[in-house]
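Read through the structure below, which is laid out as structure tokens, and then see the notes.
Side chains included, hydrogens not; waters and symmetry mates left out as well; all remaining heavy atoms used.
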Amino acid sequence: LEKALKVAVSGWDLSHNAAGRVLTLAEPYKRLGHEVDVIGCIVGSHDKHLWLPMQNLCIPAHYFYSTTTENIVQNAITFVKQHHYDVVHLSKPRIPNIVIGYLYKIIWGSKIIMDIDDEELAFHQLDFVNKQQLLNLSNLIKEKINCLPHSLKNPFWTQVGVSLYDTFDSITVSNEVLQKKYGGIIIPHVRDENVFTPSTSLTKNMRQVFGIPNNRPIILFFGTPKRHKGLVETAKALQKIHNQKPLYVIVGDFTDHSLKKELLAISNVDYVFISDQSYEISHKIVAIGDICILMQDVSSPIAQYQLPAKLVDALAMGLKVFATGTPVLSSFILQGMVEEVTEKNLAQKLNKFIIENRFPVSIQQQREFFLENLSVDSALSTINKLTDEVSSVRYLNQEVLLSKWAHRGLLSFLANYNKYLVH
């Protein structure tokens, strides 16, 4: 490493599971010897906290609070002036990150990289803002300047943020499907191969910690339990399996308590519920399982563009993955790393695997695939390319960016909410 850089990975809202990608991006920078911090916004008042799995991390976290568009610009200016970085990698094109990136460019001249790991507009059931609409965004903001939505989570601001995805120096994405839409360089959800190492002794010890038996197949869900993630469909399949009855272990706090009630109402399914766990012991939690099931709505735009982090965790720790076929998962299925299932045949395929203990690829093949494609080590060359450009200052200069931002309407937004901002 010729020069250690000060690097920040920024989350648009560090209070919930969207911050998981922030940690994914931070690890390769750290491995290369750069000085890495997590930064960003917590959308809400001071009674909100960092996402629980991020707490007690060894990576320093610095953030500011903003409740509305009225205070984000001034709060962000104060924050950015106090924290210098050579590189700022923005996780998700949401308006708090757009503001943070803009300010780091004009105040510090930092290199700004935009990362896209989801189709953000899909969460609001909105269509992608196409190039023609981009041209009208400046006028749209001017027309609405006195009646713009106050909430930073309003779908309008998601549209604005996504429409500005390509106004910084570089773009990274989490998978090939997103790359076809947004361009950029792929950095998958990667995991530390030195930590995420399958171990029968670790599995046995972790099951003992949580009172989980060793003599039953363990189906593991580790994440934020939400209705669209297929937990109900998985439970209904499990109730049809009678030989070597599986145990369904769900790790993560329910925000939708009606979902948990619905799961418990499904007969002939045995559960173990475990609360949220720290990111730093996630490999130990994943070691509990034998099987990971990813039932997704293939018609959902969210699923069509999303690389599930749970998939990477499972492959890293040697779990067998059963999943519905989405565009992002097609290459995993083709290479035998994932067994494709549907709601109709999930029970049958699970039952066959449990009885015969046969899977398309061996444990060794799965490990080799993980090391080559999804490990932190596999992402280092990409990060090196992004950081090599910093010392030679080949990235976009401020004048080019100011022109692009003025055209897109961002400067109107910023000036409206901070009268002292100088362009």
Side-chain angles (χ1 to χ4, degrees), residues 5-31 34 36-43 50-55 57 59-64 66 72 76 79-80 83 85-105 110-123 152-153 157-158 160-175 178-179 181-191 223-224 279 282 302 305-309 312 376 379 382-383 386-387:
L5 301 170
K6 291 194 70 175
V7 177
V9 183
S10 178
W12 81 275
D13 187 353
L14 295 174
S15 68
H16 56 78
N17 66 342
R21 177 66 173 174
V22 174
L23 300 178
T24 294
L25 294 171
E27 288 199 64
Y29 286 107
K30 192 177 177 184
R31 174 77 63 85
H34 299 299
V36 185
D37 289 352
V38 166
I39 66 167
C41 183
I42 287 185
V43 179
L50 272 179
W51 183 46
L52 182 61
M54 289 188 73
Q55 296 176 18
L57 280 177
I59 299 176
H62 309 286
Y63 49 90
F64 61 94
S66 279
I72 187 171
F79 176 86
V80 171
H83 300 88
Y85 298 101
D86 302 301
V87 176
V88 179
H89 208 144
L90 308 171
S91 172
K92 298 182 183 290
R94 295 289 191 119
I95 200 67
N97 263 345
I98 298 294
V99 173
I100 289 169
Y102 168 82
L103 293 173
Y104 267 104
K105 176 59 69 176
S110 312
K111 174 166 185 179
I112 311 298
I113 305 163
M114 175 58 74
D115 180 73
I116 305 170
D117 74 316
D118 276 310
E119 177 47 272
E120 296 299 317
L121 294 173
F123 293 99
L152 293 168
K153 295 185 177 181
W157 291 121
T158 305
V160 172
V162 173
S163 75
L164 294 162
Y165 80 94
D166 62 346
T167 55
F168 294 107
D169 300 310
S170 300
I171 299 169
T172 58
V173 292
S174 64
N175 60 71
L178 284 170
Q179 186 184 49
K181 191 166 192 175
Y182 293 102
I185 306 169
I186 296 176
I187 301 178
H189 301 315
V190 294
R191 296 293 183 258
T224 304
Y279 180 85
S282 56
I302 298 173
Y305 288 93
Q306 190 176 72
L307 172 65
V312 180
V376 169
T382 302
I383 295 295
L386 292 169
T387 55

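The main-chain N or O of Asp118 is never found under 3.5 Å from a side-chain atom of Gln306 such that the two would form a donor-acceptor pair.
Distance CD1/Ile185 to OG1/Thr382: 6.5 Å, rounded to 0.5 Å. Going from atom CG of Leu121 over to atom OH of Tyr305 covers 10.5 Å, rounded to the nearest 0.5 Å. Between the CE atom in Met114 and the OG atom in Ser170 there is a gap of 11.5 Å [rounded to 0.5 Å]. In this structure, OG in Ser10 is found 12.0 Å from NE2 in His62, a value given to the nearest 0.5 Å. With values rounded to the nearest 0.5 angstrom, Thr167 atom OG1 is found 11.0 Å from Tyr102 atom OH. In this structure, the separation between OH on Tyr85 and CG on Leu5 is 13.0 Å, given to the nearest 0.5 Å.
Relative ring orientation between Tyr182 and Tyr165 is described as perpendicular, the plane-to-plane angle rising above 60° on a 0-90° scale split at 30° and 60°. Classified by interplanar angle (parallel below 30°, tilted 30° to 60°, perpendicular above 60°), the ring pair Trp12/His16 is perpendicular. Between Tyr29 and His89, the ring-plane angle classifies as perpendicular under the 30° and 60° cut-offs.
Asn175 and Ile186 get closest at one heavy-atom pair: C-CD1, 3.9 Å. Taking both residues in full, the closest heavy atoms of Pro96 and Leu152 are given as CG-CD1, 4.5 Å, listed atom of the first, atom of the second, then distance. Here the shortest heavy-atom pairing between Leu90 and Ile112 reads CD1-CG2, 3.6 Å. Here the closest heavy-atom approach between residue Asn97 and residue Gly11 is recorded as OD1-C, 3.9 Å. Val43 and Asp13 get closest at one heavy-atom pair: N-OD1, 3.3 Å. In terms of heavy atoms, Asn17 sits closest to Trp51 at CA-CE2, 3.4 Å.
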For a side chain to side chain contact (heavy atoms under 4.5 Å, CB included) check, start with the C-alpha distance between Tyr63 and Cys41, then their side-chain angles and the critical distance, and finish with the verdict.
CA-CA 5 Å; Tyr63 49 90; Cys41 183; over 6 Å; no
Side chain to side chain contact (heavy atoms under 4.5 Å, CB included), that's the test. Do Thr158 and Arg94 meet it? Break it down for me.
CA-CA 6 Å; Thr158 305; Arg94 295 289 191 119; 3.3 Å; yes
Run the numbers on Asp117 and Lys92 for salt bridge (charged side-chain N to carboxylate O under 4.0 Å, His left out), then give the verdict.
CA-CA 7 Å; Asp117 74 316; Lys92 298 182 183 290; 2.7 Å; yes
Decide yes or no on side chain to side chain contact (heavy atoms under 4.5 Å, CB included) for Lys30 and Val7, but give the supporting numbers first.
CA-CA 9 Å; Lys30 192 177 177 184; Val7 177; over 6 Å; no
Worked check of side chain to side chain contact (heavy atoms under 4.5 Å, CB included) between Val162 and Ile116
CA-CA 9 Å; Val162 173; Ile116 305 170; over 6 Å; no
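Looking at Val190 and Pro28, their side chains come closer than 4.5 Å, going by heavy atoms from C-beta outward. At least one side-chain heavy atom of Ile113 sits under 4.5 Å from a side-chain heavy atom of Leu386. Counting heavy atoms from C-beta on, the side chains of Asp37 and His83 never come closer than 4.5 Å. Leu307 has its side chain out of reach of Leu178: every pair of non-hydrogen atoms, C-beta onward, lies at least 4.5 Å apart. Between Leu57 and Leu23 the shortest side-chain heavy-atom distance falls below 4.5 Å. Between Thr24 and Arg191 there is a side-chain heavy-atom pair separated by less than 4.5 Å.
When each of Val88, Asp169, Thr387 is checked for a side chain to side chain contact (heavy atoms under 4.5 Å, CB included) with Lys111, only Asp169 meets the rule.
The side-chain hydrogen bond (donor to acceptor under 3.5 Å, both in side chains) check on Asp115 picks up Arg21, Thr172, with sequence neighbours excluded.
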